[in-house]
Number of protein chains: 2
Amino acid sequence: MREVFHQSLEDVQSRLVEIAELVTIAIDKATRSFATSDVSLAEEVIADDAHIDERAIALDELAIEILARQQPVARDLRIVVTALRVSASIERMGDMAEHIAQLARYRFPERAVPKGLKGTFTKMGELDVEISRTLTELLRTQDLRLADTIRNTDDDIDELHASVFEKVLSDTWKGEATATVDATLASRYHERFADHAVSVAKKVVYLATGDWQADTDTIDIAIDAQAQLDEA
Amino acid sequence: MREVFHQSLEDVQSRLVEIAELVTIAIDKATRSFATSDVSLAEEVIADDAHIDERAIALDELAIEILARQQPVARDLRIVVTALRVSASIERMGDMAEHIAQLARYRFPERAVPKGLKGTFTKMGELDVEISRTLTELLRTQDLRLADTIRNTDDDIDELHASVFEKVLSDTWKGEATATVDATLASRYHERFADHAVSVAKKVVYLATGDWQADTDTIDIAIDAQAQLDEA
């Protein structure tokens, strides 16, 4: 029984890694489709998001089954509840990739990237892919130093996000309303993607150390879900 | 012991209702502060969001404690896990209210509502308050017909959301980039608020009936903002 239980927990972890890998593929394709107006790439991302959703639901079911059958306590209980929380955030990262792909598809054959922001969005896209890869590694290896890397990458993405608004709201901005809307939404999706990664990383660190890394980012969706693990 | 357990489950439910009530107050104040550029009202919302977050965390702690100590099974287990998921969504509704208030405060003493969209945002604000009230009632009474009301209200909000983009992207739109950015973000926050309410309502219905209504919330979260954009 004990053996079976540990097998289940490992299964939870490997499924999280698998979903994170799918999300990395999605954000890579999404940001490339957005940058290059590749509509067929965008459509792949949109079609594949359903798989990510299914995997996340299956993982949740597994977690609930473990709770019901094996009634874990203490650290094991925390692992299972954390998996439930984390899977929702990773699934949302997939949604953000899909949103970016939808922007690319909608504007096609026009370019979705507003003039003057190509460099910024290319860089944001690369950093989103990077943060997703690092998150996958963190989930796989539990090497907590990777959480710092994720936070640093998120800081870089936040800076780029701010620079988009600076640009759009500057006197030199010549974009039409369409370009302004696209820049606003695209930038927010890129930034939210990274926020979710930070949120997941915090939960992983908390699970391992019991240390909740306070952060000034009060808008972070992370805050809600994790302190719950306190008493578990 | 059995007695204590049922007490705990009731406690979970009443705490969810309490948080939903706080969110209703928040969205009411936020949308009014946004419509009228009332910066002190906006600041109340921003300050009060921390309370909502705290309550949600406390509820999560209670849920985890119940899992650890009472090891519920079957339906009781589903109630506790649903509460964990629902509390995160309700807390996010509070965040959306805060985002709307932040827009109001940020633009002050200028008006945050772009010209030509005052009527639309007033209506969206009223519908967000309405959906939040209905959700609170649903959580309190478990009257599942209210889930339909919530879905209908969400449809109305989605229409208004689409009309914002239609307006902003039309030839008659004379707004500066600032107004375009504000309209885009404000409309998205209003619409996301309602999406979370629908997501919570579906989970409540699922808990009661085992029937997952058609489109999974992950999909409709994904589609909403962008499908609107497609129409615009």
Side-chain angles (χ1 to χ4, degrees), chain A residues 46 49-50 52-54 56-57 60 63-64 67-69 71-74 77-78 80-81 84-85 88 91-92 94-96 98-99 101-103 105-106 165 167-170 173 175-185 188-189 218-221 223-232, chain B residues 46 49-50 52-54 56-65 67-69 71-74 77-78 80-81 84-85 87-92 94-95 98-99 102 165 167-170 173 175-185 188 216 218-219 221-223 225-227 229-230 232:
Chain A
I46 294 163
D49 190 57
I52 294 176
D53 293 349
E54 279 163 22
I57 289 169
D60 288 353
I64 291 177
L67 286 174
R69 297 208 179 163
Q71 312 204 319
V73 293
L77 175 61
R78 280 170 60 196
V80 177
V81 173
L84 276 169
R85 294 299 201 185
E91 189 272 327
R92 284 296 290 157
D95 287 345
M96 292 302 118
E98 188 189 16
H99 286 359
Q102 282 168 328
L103 280 178
R105 184 177 65 171
Y106 178 63
F165 284 106
K167 176 100 181 182
V168 164
L169 301 176
S170 74
W173 178 246
E176 310 247 314
T178 316
T180 309
V181 168
D182 286 353
T184 303
L185 290 177
R188 182 159 168 86
Y189 299 150
T218 54
I219 294 178
D220 198 324
I221 187 175
I223 296 285
D224 70 77
Q226 18 285 343
Q228 34 124 359
L229 299 168
D230 251 300
E231 306 304 325
Chain B
I46 294 161
D49 189 58
I52 294 175
D53 294 349
E54 280 163 22
I57 288 168
L59 173 55
D60 289 351
E61 281 168 3
L62 174 64
I64 290 184
E65 209 183 292
L67 286 175
R69 296 204 181 165
Q71 313 204 318
V73 292
L77 174 61
R78 280 170 60 199
V80 177
V81 172
L84 275 169
R85 291 181 172 166
S87 80
S89 290
I90 301 179
E91 190 272 330
R92 282 298 289 159
D95 286 346
E98 187 188 14
H99 287 359
Q102 282 168 327
F165 285 109
K167 177 99 181 180
V168 164
L169 301 177
S170 73
W173 177 248
E176 310 248 311
T178 316
T180 308
V181 168
D182 286 353
T184 303
L185 290 178
R188 180 155 168 89
T216 75
T218 45
I219 289 172
I221 281 168
I223 294 171
Q226 295 291 272
L229 204 55
D230 279 1

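Protein chains get the first letters and strands the later ones, always in sequence-line order, with residue 1 at the start of each. Small disclaimer: the values here were computed from a predicted structure and weren't measured.
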> Is chain B contacted by the side chain of A:I46, its backbone, both, or neither, given a heavy-atom distance below 4.5 Å?
Replying inline: neither
>> Looking at every non-hydrogen atom in both residues, tell me the closest pair between B:G94 and B:I52 and how far apart they are.
In response: CA-CD1, 4.4 Å
> Is it the backbone or the side chain of B:L67 that comes under 4.5 Å from a heavy atom of chain A, or both, or neither?
Replying inline: both
>> If I measure from the heavy atoms of chain A, does B:V181 come under 4.5 Å with its side chain, its backbone, both, or neither?
In response: both
>> Under the rule for side-chain hydrogen bond (donor to acceptor under 3.5 Å, both in side chains), what residues qualify as partners of B:T178, not counting sequence neighbours?
In response: none
> Based on non-hydrogen pairs under 4.5 Å, which of A:A68, A:S170, A:A177 is most in contact with chain B?
Replying inline: A:A177
> Is the side chain of B:R188 donor-acceptor paired with the backbone N or O of A:L185 at a distance under 3.5 Å, no angle test?
Replying inline: no
> By side-chain hydrogen bond (donor to acceptor under 3.5 Å, both in side chains), which residues pair with B:T180, not counting sequence neighbours?
Replying inline: B:W173
